[in-house]
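Keep in mind that the numbers below use all heavy atoms, side chains included, and drop hydrogens, waters and symmetry copies. Just so we're on the same page: letters track the sequence lines, and every chain starts at 1.
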Amino acid sequence: MIPLSWYLIFSAALFCIGLFGALARKNAVAILMGIELMLNAVNVNLIAFWHYHAQVRSGPYVHGLAFTTIVFVVAAAEVAVGLALIISAYRRRQTAVVDELTLLKG
Amino acid sequence: MNGLQFVFLLAALVSLFSAVMVVSARRMMHAALWLVLTLMGVAVIFVTLQSSFFAVVQILVYVGAIAILIIFSVMLTRRVMEDHGDQILPGWRGAVLVAVLLFGVLVGFLTLWQGFSVMLVELPPDTDNVLELGKALVSPQEFVLPFELASVLLVAALIGAITIAVDRRKEHQR
Amino acid sequence: MAVETLIVLIPLLPLLAFFAIVLFAHRKNSLSHWLALGGAGMSWVLSMVVFWQAIQIEDLSQHPFAVAIQWLPTGSTGLNIGLQIDPLSAVTLFFVAWTVLMIFIYSVGYHNFGQPRGDHDRPGLPPHGATITDQHGHTHRVPSIEPMYARFFALISLFAFAMFLLVVTDNLLTLYIGWEIMGLCSYLLIGFWYGKESARNAMIKAFLTTRVGDVFMLLGLAALYSLTGTLNYQSILNNPTVLNGLAQAASPLGGVSWAGLIGVLLIIGTIGKSAQFPLHIWLPDAMEGPTPVSAMIHAATMVSAGVYLVIRFFPLLSVGWDGHQLTLPVLVMGAVGAFTALFAATIALAQNDIKRVLAYSTISQLGYMIAALGVGAYVAAAFHLITHAFFKALLFLGSGSVIHGMEHGVLHTGENIDPQNMLYMGGLRRKMPITFWTFLAGGLALSGFPLVTAGFWSKDEILAGAYASGQMLIFWTLALAALLTAFYTMRQITLTFLGNPRSQSAEHAHESRPAMTYPLVVLSFFAIAAGWVGIPDYFPLIGGIVPNWFEEFVGSMLLFHAEETHHSLLPLFTSLVVALGGLSLGWLTYRAVRQPLDPLEKPLGGLYTLLKNKYYVDEFYQLVFIRPARWLAETVTDRWLDRTVIDGILHSIARLGIWLGNVLRKWFDLPVVNGAGDLTATGTRNFGAFLRSLQTGRVQVYATIGLGAAAMVAILIYFLWVVG
């Protein structure tokens with residue numbers, strides 16, 4: 001009953017908000033939160049398209065779902081490793097502000 | 001507007017609002033909590049898409065594990081900053097611009113697609129998505145490979161996280 | 001060997017001696033003088049052989065010994081260089097060879113060969129004596145050897161080459177070459193003792209004064225060549241067509257023919273070289289050189305070259321003359337010669353330096369010869385040239401011997417007098433007998449003592465020629481000059497040799513060594529006997545006994561002889577009177593001189609001062625020519641033109657260059673070139689800094705930029721491909 005475009009626009013908006021958060025936040029954990037938002041938006045997009053495809057086929061169609069599963073797994077793994085990194089970095093330099101972690105500065 | 005659309009709109013608005021709060025909250029703990037709310041909103045949207053399995057998975061994994069992890073790490077990295085100064089970088093206007101631009105590009109390209117305004121209808125109830133998903137995930141012709149790789153990835157992440165986060169100071173003191 | 005080959009060797013042998021001495025023997029005194037004597041001696045032998053052969057030929061003037069090569073082939077004609085012995089050059093060769101050899105031998109003694117080296121002698125200054133100790137422990141001062149002994153012999157050998165070349169050559173160009181080389185040697189030998197400032201001034205004066213004459217001579221030479229295409233004597237002088245052609249052609253100078261103009265130009269060369277007025281000023285100063293130089297160059301040979309030139313070119317100078325109407329060159333010669341003869345004789349009266357008297361005497365006698373040509377007495381001029389060479393060389397060498405004797409006395413006594421001043425001499429006939437008798441022979445020859453001296457015969461010929469030509473003014477001028485000549489000659493002999501010594505040095509003088517006295521004896525023989533080959537036929541009593549060989553031999557050179565008028569005895573009588581009268585007057589005036597003071601000085605007063613100062617001609621030239629020339633050189637050319645104008649221009653150019661350099665540096669090099677370089681550097685650095693500022697190290701910034709770029713690209717693609 002709901003047009004696909006709503007889901008797509010919603011997912012796009014959520015993605016962009018997450019992107020903003022990832023690009024413009026100081027705290028590393030906040031950046032991670034932004035990334036989580038982005039991943040969630042991707043998931044919504046995927047499920048929406050699964051539904052779109054499933055409703056035009058006759059048999060079962062689980063490609064979208066499988067993809068989403070993998071995204072979940074990857075997101076979880078990534079959060080774990082990322083937070084471990086942040087905490088390790090925090091221990092080293094006593095800060096979690098990415099602005100101060102500028103060893104790549106040229 | 002039928003009830004489903006209303007529910008979707010409500011959930012969408014809540015999610016988007018929470019998402020905005022996540023990225024603009026001053027205090028990290030608030031942001032984490034707003035994140036929880038956003039995740040829950042997304043779970044509701046999953047439900048409207050007749051993917052109840054993933055709604056539950058969302059709650060279990062994201063809210064139950066990831067959000068909690070984030071809260072833990074917020075609490076662990078609390079000391080340094082928090083509560084004073086902007087949490088926003090000086091270059092945030094560029095980021096806004098890029099985000100808006102990207103949004104525009106995405107939506108613009110999407111509108112070009114002729115399937116953009118297709119109406120999503122209810123799926124036939126006899127399809128057992130979860131069973132099919134399970135069968136597909138372990139079926140050699142289908143998605144067993146990504147499935148196995150994902151599990152390997154989890155193991156790697158696990159080991160990696162432990163390796164990274166282990167307290168080296170204790171090692172040196174030995 | 002053919003006689004032509006011998007002729008070629010005559011100038012070459014002294015030249016070889018010159019090179020040999022300069023290159024190899026210049027440190028060995030005895031080798032140097034043997035080389036020089038060898039060269040001069042061989043040339044003398046060859047000259048005698050050639051002369052002997054020449055006098056046996058009947059018409060030598062028409063068919064001279066000749067050899068020539070083509071030097072400058074210019075189309076059909078060309079410049080030929082060669083040698084020629086005709087009567088005139090044969091007799092000239094004779095006297096040149098004898099005098100050169102005698103002077104070479106004399107020089108060995110004059111420069112004190114064999115004596116020890118002097119105490120303070122340095123090259124460039126005359127030797128001042130050496131101190132020796134004999135076996136008793138007494139120290140004596142003796143004459144010392146000349147420090148530049150070998151150089152002297154080298155230079156006189158070169159000079160001998162030039163003179164022989166001039167005599168044996170057959171064309172005017174080679175004559176001019178010999179002329180100029182002699183001028184060079186004269187310069188070098190006058191300034192032989194270059195350490196003395198007076199010598200340095202004299203050498204420059206001699207060279208420049210003769211140069212003035214030489215420039216005009218060169219113009220005449222160039223004109224002659226351009227008009228006739230040749231400089232060969234035979235082609236010009238023995239060729240009536242050429243001579244007449246030159247006489248007809250009108251020169252740019254109004255009213256004068258080319259022959260006249262060329263003649264006058266050549267005569268100006270002679271005026272310079274033979275020291276006639278107004279270019280006589282160099283000869284007295286040339287006495288700064290050693291006496292052999294004065295004898296050879298300034299008495300016997302070089303100054304004779306001037307007279308030789310005009311005698312040789314007499315056909316050109318006198319072309320068109322028929323005994324009555326004088327041509328311009330002949331007129332000039334008569335006037336200049338006669339005037340100079342008298343002028344110089346008057347100056348000689350008041351000179352006290354023994355060599356100066358002889359110098360003015362030479363000028364005077366050369367004037368005689370030129371005046372002889374001026375009245376057409378061709379043979380007489382040649383005759384006097386030859387006899388004068390012998391007795392003047394004799395007189396100079398004799399004076400050198402006297403000076404050596406006086407210098408010995410000065411060294412012995414330490415007296416502070418000029419050994420050349422006659423007022424301090426006296427009584428030397430007892431101390432230096434050979435010198436006395438030979439000097440007397442030469443002096444009597446100069447005065448024209450009758451019969452037994454050569455000078456009598458030649459001078460008498462000139463007076464006869466002057467009288468016969470009808471030029472009475474010239475005749476009486478020459479007669480008066482002869483009187484004065486005899487007077488001052490006797491003055492010289494009396495003051496030097498007769499009477500008693502007037503100074504300590506004269507007391508202690510002694511005779512010179514044989515190397516110096518033997519040449520005197522030989523030359524005195526010629527001074528006495530040389531005249532007897534030219535006894536004129538009309539001479540009372542003895543004329544006609546001995547044929548006038550000289551007249552026939554040399555007279556054959558002329559194509560046209562002037563008519564012979566009747567021979568009067570007046571000239572003969574006049575010459576006897578002036579000679580004997582002058583001699584007696586001189587002896588009477590000076591025989592009683594006891595103090596070093598000239599008895600004529602007070603009576604003549606201002607006139608005497610005028611004569612002593614040579615009529616102030618040198619001072620006049622200094623004022624009129626030298627000072628303006630120096631002013632022109634120093635002030636105008638050096639200070640103004642050179643330093644102010646030219647250097648100013650150069651400095652301005654330099655300053656301009658520097659200014660331009662500074663401007664370019666300041667306005668172009670620094671801003672543009674350096675600026676470009678610096679701009680590149682700073683620009684790159686700034687750009688790098690800018691780029692570096694992008695490398696914040698903050699991943700979020702990188703991501704922002706990356707995504708922004710991706711969005712841009714997407715929009716671009718949209719507009720390019722999707723819409724377009």
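Of the two parts of L19(A), only the side chain, counted from C-beta on, holds a non-hydrogen atom closer than 4.5 Å to a non-hydrogen atom of chain B. Both the backbone and the side chain of V57(B) come within contact range of chain A, each with at least one heavy atom under 4.5 Å from a heavy atom of that chain. Looking at F143(B), only its side chain comes within 4.5 Å of chain A, counting heavy atoms on both sides. For T111(B), no part lies under 4.5 angstrom from a heavy atom of chain A. Proximity to chain A involves both the backbone and the side chain of L4(B), based on heavy atoms less than 4.5 angstrom apart. Looking at W34(B), neither its backbone nor its side chain comes within 4.5 Å of chain A, counting heavy atoms on both sides. Only the side chain of L39(B) has a heavy atom closer than 4.5 Å to any heavy atom of chain A. At a 4.5 Å heavy-atom cutoff, the contact between I9(A) and chain B is made by backbone and side-chain atoms alike. With a threshold of 4.5 angstrom between heavy atoms, L137(B) approaches chain A through side-chain atoms but not through N, CA, C or O. Within the 4.5 angstrom heavy-atom criterion, atoms from both the backbone and the side chain of A75(A) approach chain B. Only the backbone of F147(B) comes within contact range of chain A, with heavy atoms under 4.5 Å apart. Within the 4.5 angstrom heavy-atom criterion, only side-chain atoms of L110(B), from C-beta onward, approach chain A. Within the 4.5 angstrom heavy-atom criterion, only side-chain atoms of F15(A), from C-beta onward, approach chain B. With a threshold of 4.5 angstrom between heavy atoms, L83(A) approaches chain B through side-chain atoms but not through N, CA, C or O.
Among the candidates G34(A), G82(A), G18(A), A48(A), the residue making the largest number of heavy-atom pairs closer than 4.5 Å to chain B is A48(A). For the set L39(A), L85(A), V73(A), I2(A), the count of heavy-atom pairs under 4.5 angstrom toward chain B peaks at I2(A). Counting heavy-atom pairs closer than 4.5 Å to chain A, the top residue among I70(B), V100(B), V107(B), V61(B) is I70(B). Highest contact tally toward chain A, considering only G94(B), S117(B), A99(B), is held by A99(B) [criterion: heavy-atom pairs under 4.5 Å]. Chain B forms more heavy-atom pairs under 4.5 Å with one residue of I47(A), V81(A), I70(A) than with any other, namely I47(A). Chain A forms the most heavy-atom pairs under 4.5 Å with one residue out of L106(B), V98(B), L154(B), and that residue is L154(B). Counting heavy-atom pairs under 4.5 Å between each of L37(A), V56(A), V74(A) and chain B puts L37(A) at the top.
Taking CG from L133(B) and NE2 from H63(A), the interatomic distance works out to 11.5 Å, rounded to the nearest 0.5 Å. For the atom pair F54(B) CZ and I45(B) CD1, the distance stands at 16.0 Å (nearest 0.5 Å). One distance of note links CE of M40(B) with CD of Q58(B); it measures 10.0 Å at 0.5 Å rounding. Atom CG of L23(A) is separated from atom SG of C16(A) by 10.5 Å, given to the nearest 0.5 angstrom. Taking CZ from F46(B) and OG1 from T48(B), the interatomic distance works out to 9.5 Å, rounded to the nearest 0.5 Å. Residue L14(A) holds its CG atom at 11.0 Å from CZ of F103(B), rounded to the nearest 0.5 Å.
Contact record, V47(B) with A55(B): CG2-CB, 3.5 Å, taken as the closest heavy-atom pair. For M29(B) against V74(B), the heavy-atom pair with the smallest separation is N-CG1, 4.0 Å.
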For residues 7-22 of chain B, which side-chain donor-acceptor pairs fall under 3.5 Å, sequence neighbours excluded?
unit_1 : atom_1 : unit_2 : atom_2 : d
S15(B) : OG     : A11(B) : O      : 2.9
S18(B) : OG     : V14(B) : O      : 2.6

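For W113(B) and Y52(A), the distance between ring centers is under 6.0 angstrom.
The closest side-chain heavy-atom distance from S51(B) to L65(A) is below 4.5 Å.
Taking the six-membered ring where the residue is Trp, Y61(A) and H53(A) present tilted rings, their angle falling between 30° and 60°.
Counting only distance, with no hydrogens or angles, the side chain of T68(A) and the backbone of G64(A) share a donor-acceptor pair below 3.5 Å.
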